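All heavy atoms count here, side chains included; hydrogens, waters and symmetry mates do not. Just so it is clear, the model here is predicted, and its values are computed rather than measured.
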Amino acid sequence: MTAPDAPDPLAAATQATRSLHGLSTELTARVPLLLEAMRSVGTGPELHTTLDRICETAAELAGARYAAIGVIDQEREGLSDFVTYGVDEDVAHRIGHRPDGHAGLLGALIRDPQTIRLADVSDDPRSAGFPPGHPPMRTFLGVPIRVQGEIFGNLYLAEKKDGGAFNDYDVHMVRVLATEAGIAIGNARLYEAARQRERWIDGSVAVTTALLSDGDADDALTVVAEQARRLADADAGIVLLPAGEGGLEVVAVSADEPVWALGLVIPPESPVVESLLEGEAVFLADASSDSRTTTPLVRYGPAMLLSLQSGGRVLGALAVPRVRGARQFTEAERTLAAQFASQAALALMMAEAQRDRERLAVYEDRDRIARDLHDLVIQRLFATGMMLESAQRKSIVPAVREGVGKAVDELDVTIQEIRTAIFALQQGPAEAPSGLRTRVLREINMAAVPLGFKPAHRFLGTIDATVGELTGKNLIAALREALSNAFRHAEASRIEVVLDATVTLPDGASGVRLSVADDGIGIPSGGRRSGLRNLARRAESLGGASWCDPGIGEDGAGTTVVWQAPL
């Protein structure tokens with residue numbers, strides 16, 4: 001809201017400059033310095049750089065040892081930013097948290113934006129004193145800064161270098177400078193807003209491109225998290241999708257330590273989840289102390305949680321938290337982040353539709369292969385078996401009869417394996433059996449079709465009884481990825497799958513280990529590693545690990561992919 005007595009910036013500058021005539025020789029001598037200061041303040045488009053320059057220029061103009069600008073927050077109750085001059089990093093570290101503007105002289109200037117000049121701060125009843133480690137300050141001058149008629153913040157000066165108090169000349173000079181600063185800040189804010197919008201648009205384009213590419217879906221969601229974190233200047237970017245048991249599951253994280261959060265599920269009874277699933281955004285001033293906060297946000301401060309929705313359908317959520325004590329998200333940042341989330345949700349829907357079309361094409365192809373196997377291959381094998389049995393009966397040579405019998409037995413086994421593959425091809429994802437051992441066999445049988453041979457397999461321990469559902473789900477995904485890599489890249493002629501539920505992990509805990517070994521060409525240098533990164537990410541989210549060892553070919557040719565997790 002515009003202050004009723006807010007002057008026009010240009011008129012105020014003109015009036016203040018005119019008032020300099022005839023005041024004194026000292027003030028007249030300062031005019032060139034003032035003009036140079038005004039020119040300096042007006043250069044440079046970045047907002048924070050402009051604030052730094054204003055502080056330095058004001059201190060030089062008034063002969064002050066210290067200067068600061070307190071930026072008033074959106075609620076007009078405190079400070080959202082505090083820029084200083086003359087206070088080095090060591091002193092700032094000893095002081096600790098920056099002023100919040102809720103008390104003392106800084107709070108008084110926020111509640112009543114008028115010029116304050118004091119010969120001794122401690123004599124003013126509004127003074128709240130200084131925190132431990134703060135440098136001593138006696139003289140004080142505070143002047144409000146208006147941007148387009150609205151209070152932007154306040155300019156503070158302290159400690160005249162000559163040991164005296166701030167005089168009328170200082171007040172005149174600083175007021176003129178504050179007027180010019182308001183104009184410069186307004187320009188910088190417009191420039192920064194335009195740059196900010198441009199960055200968010202570029203980020204939305206990057207997300208759309210990643211989601212609609214043919215790359216891995218997990219990698220695409222990680223791009224969403226990374227872009228949101230970068231654009232919001234946040235400490236983390238977190239993507240959550242609906243969990244099978246209800247609530248929201250963390251599926252992608254961009255943070256300094258992302259592993260701890262992957263796979264965590266926020267329960268459906270959480271107030272935050274209820275709001276997000278209804279399509280509402282949630283803004284937390286301090287996630288670490290807000291009663292609505294649940295893992296994985298309890299370690300953070302200001303946070304935005306945005307619903308990923310498009311066409312009235314909620315696909316998930318996006319969280320971008322900042323560290324404790326960081327500045328709050330501005331209204332502009334909230335608006336841009338909401339637009340980014342809407343664009344990401346639309347891209348998610350388009351990617352989902354694209355994957356559905358590709359999946360349908362795969363299912364149609366699988367049905368065709370299953371029909372061909374059943375109607376052509378099995379019938380031919382069966383006819384060949386009948387011919388061999390007839391030849392066996394007619395043969396009078398025992399060795400020939402024995403050899404033909406073995407061939408018939410092999411044909412019977414082959415027919416049974418093909419029928420198993422046909423059954424696997426005709427099953428949809430929703431029809432997958434619940435037993436982990438059965439699911440592993442199903443993946444192996446499905447892989448046999450494109451491979452042209454069935455991978456060998458071996459089970460150790462009570463697989464179904466000891467491996468939990470979450471670990472089992474990730475293990476099946478790891479097996480599918482490893483078999484897919486062997487088929488697409490390894491050019492292998494032999495694959496061995498070992499699932500061992502009796503292993504002891506390095507920390508002494510019981511675990512399960514999956515090994516997929518082949519005799520192929522190995523991992524080429526410079527090749528893509530997204531699949532292997534996915535395996536490692538899944539294992540690490542459970543407290544396990546994944547790595548590659550030599551294969552089972554001659555002299556260790558090929559690759560052995562190892563994936564393990566605690567039980």
Problem - Within 45° cone and under 6.0 Å: Arg324 NZ/CZ vs Tyr300 ring - result: no
Out of curiosity, [X] [atom1] to [Y] [atom2], how far, rounded to the nearest 0.5 Å?
X	Y	atom1	atom2	answer
Asp286	Gln328	CG	CD	8.0 Å
Ser541	Asn474	OG	CG	5.0 Å
Ile463	Thr438	CD1	OG1	11.5 Å
Leu542	Arg537	CG	CZ	13.0 Å
Thr335	Glu333	OG1	CD	10.0 Å
Ser546	Arg538	OG	CZ	11.5 Å

I need the minimum non-hydrogen distance between [X] and [Y], along with the two atoms involved.
X	Y	value
Ala501	Thr466	CB-OG1, 3.7 Å
Val251	Leu241	CG2-CG, 3.7 Å
Pro550	Gly556	CB-O, 3.7 Å
Ala341	Leu308	O-CD2, 3.4 Å
Thr471	Pro566	OG1-O, 3.9 Å
Gly237	Ala225	O-CB, 3.3 Å

Please check: side-chain N/O of [X] versus main-chain N/O of [Y], any donor-acceptor pairing under 3.5 Å?
X	Y	answer
Ser307	Leu276	yes
Trp563	Leu535	yes
Thr462	Ala465	no
Glu443	Val440	no
Gln309	Leu315	no
Ser288	Gly301	no

Exercise for the section: Name all residues meeting the salt bridge (Lys or Arg N to Asp or Glu O under 4.0 Å) criterion together with Arg197; count only those two or more places apart in sequence or in a different chain, and write none if there are none. Expected result: none
Practice task
Could you go through the side-chain contact (heavy atoms from CB on, under 4.5 Å) check for Ile495 and Leu483 one step at a time?
Solution key: CA-CA 9 Å; Ile495 297 176; Leu483 290 173; 4.2 Å; yes
Completion exercise
Checking Asp500, Asp464, Leu436, Leu441 against Phe459 for side-chain contact (heavy atoms from CB on, under 4.5 Å), the one that qualifies is Leu441
Handout entry: Trace of the side-chain contact (heavy atoms from CB on, under 4.5 Å) decision for Thr559 with Val561
Key = CA-CA 6 Å; Thr559 305; Val561 176; 4.2 Å; yes
Any side-chain heavy atom of [X] within less than 4.5 Å of one from [Y]?
X	Y	value
Leu284	Arg292	yes
Phe329	Arg322	yes
Val516	Thr560	no
Leu277	Leu248	yes
Leu479	Val497	yes

Handout entry: Pairs touching residues 227-240 that satisfy salt bridge (Lys or Arg N to Asp or Glu O under 4.0 Å), sequence neighbours left out
Key = Arg229-Asp256
Exercise for the section: Check the pair Leu318, Leu240 against side-chain contact (heavy atoms from CB on, under 4.5 Å), reporting the backbone distance first and the verdict last. Expected result: CA-CA 6 Å; Leu318 174 64; Leu240 306 98; over 6 Å; no
Exercise for the section: Name all pairs fulfilling the side-chain hydrogen bond (donor to acceptor under 3.5 Å, both in side chains) condition that reach into residues 514-523, sequence neighbours left out, sorted by first residue then second. Expected result: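 Only Ser493-Asp519 qualify under side-chain hydrogen bond (donor to acceptor under 3.5 Å, both in side chains).
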Exercise for the section: Hey, could you give me each pair passing side-chain hydrogen bond (donor to acceptor under 3.5 Å, both in side chains) that has a residue in residues 267-283? Not counting sequence neighbours. Expected result: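 Sorted pair list comes back empty.
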Practice task
Determine, step by step, whether Phe283 and Leu306 satisfy the side-chain contact (heavy atoms from CB on, under 4.5 Å) criterion, reporting the C-alpha distance in whole Å, the side-chain angles of both residues, the deciding distance to 0.1 Å, and the verdict.
Solution key: CA-CA 8 Å; Phe283 301 102; Leu306 307 164; 4.2 Å; yes
Practice task
For the pair Glu496 and Arg494, find out whether any cationic side-chain nitrogen is under 4.0 Å from an anionic carboxylate oxygen.
Solution key: yes
Problem - Test side-chain hydrogen bond (donor to acceptor under 3.5 Å, both in side chains) applied to Ser484 - qualifying residues, sequence neighbours left out - result: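 Counting only residues at least two positions away or on another chain, Ser484 forms a side-chain hydrogen bond (donor to acceptor under 3.5 Å, both in side chains) with Arg488.
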Taking only distance into account, with no hydrogens and no angle test, what donor-acceptor pairs under 3.5 Å do side-chain atoms of residues 505-514 form with protein atoms, sequence neighbours excluded?
unit_1 : atom_1 : unit_2 : atom_2 : d
Asp507 : OD1    : Ala509 : N      : 3.0
Arg513 : NE     : Gln564 : OE1    : 2.8
Arg513 : NH2    : Gln564 : OE1    : 2.8

